[in-house]
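Data first, discussion second: the structure below is written as C-alpha cells.
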Amino acid sequence: GWERIHPELPTTEQRSALGIRAKQPVFAIERVTYGPDRQHPIEWRHSLVRGDIFCLWARRGLRVASRPSGAMEAEVLA
C-alpha cells in the first residue's frame, strides 16, 4: 500500500470540527492498503489532522514489539 501526507486548507466545516481558525493549514493523510493479492484495496482512508499538534515518525526495517517491519507510528502532541 501507500500513504501520502500533504498540507491542505480545510473547509469551513472541517475547521469547525478541528477547532482552528481560517487559513490554518492541516495535514491531509491518504492511505491505501492492498490485500494479499496486491491488486484489490482493502482499506482506504482520508484524514485531516491539525499540524500544530501532530508529529509523525517512521521506523523502517525494525521489529518493534508487535508491529511488523516497516510499520509507521504517529503521536499527537499535547
* Under 3.5 Å: donor-acceptor pair, side chain of Arg50, backbone of Leu18 -> yes
* **Minimum heavy-atom distance Pro41-Val32, with the two atoms named** => CB-CG1, 4.0 Å
* Non-hydrogen atoms of Pro10 and Pro25 that approach each other most closely -> CD-CA, 4.5 Å
* Asked: Can you check whether Arg15 reaches Gln24 side chain to side chain, under 4.5 Å on heavy atoms?
  -> no
* Distance (rounded to the nearest 0.5 Å) between Glu8 CD and Glu30 CD -> 7.5 Å
* Heavy-atom pair with the smallest gap, counting every atom of Val49 and Val26 -> O-CB, 3.3 Å
* To do: Find out if a path of hydrophobic residues (ILVMFWY) with successive side-chain heavy-atom gaps under 4.5 Å connects Tyr34 to Trp44.
  => yes
* Give a yes or no on whether Arg45 atom CZ has more than 12 heavy-atom contacts from other residues, nucleotides or ligands under 6.0 Å away. => yes
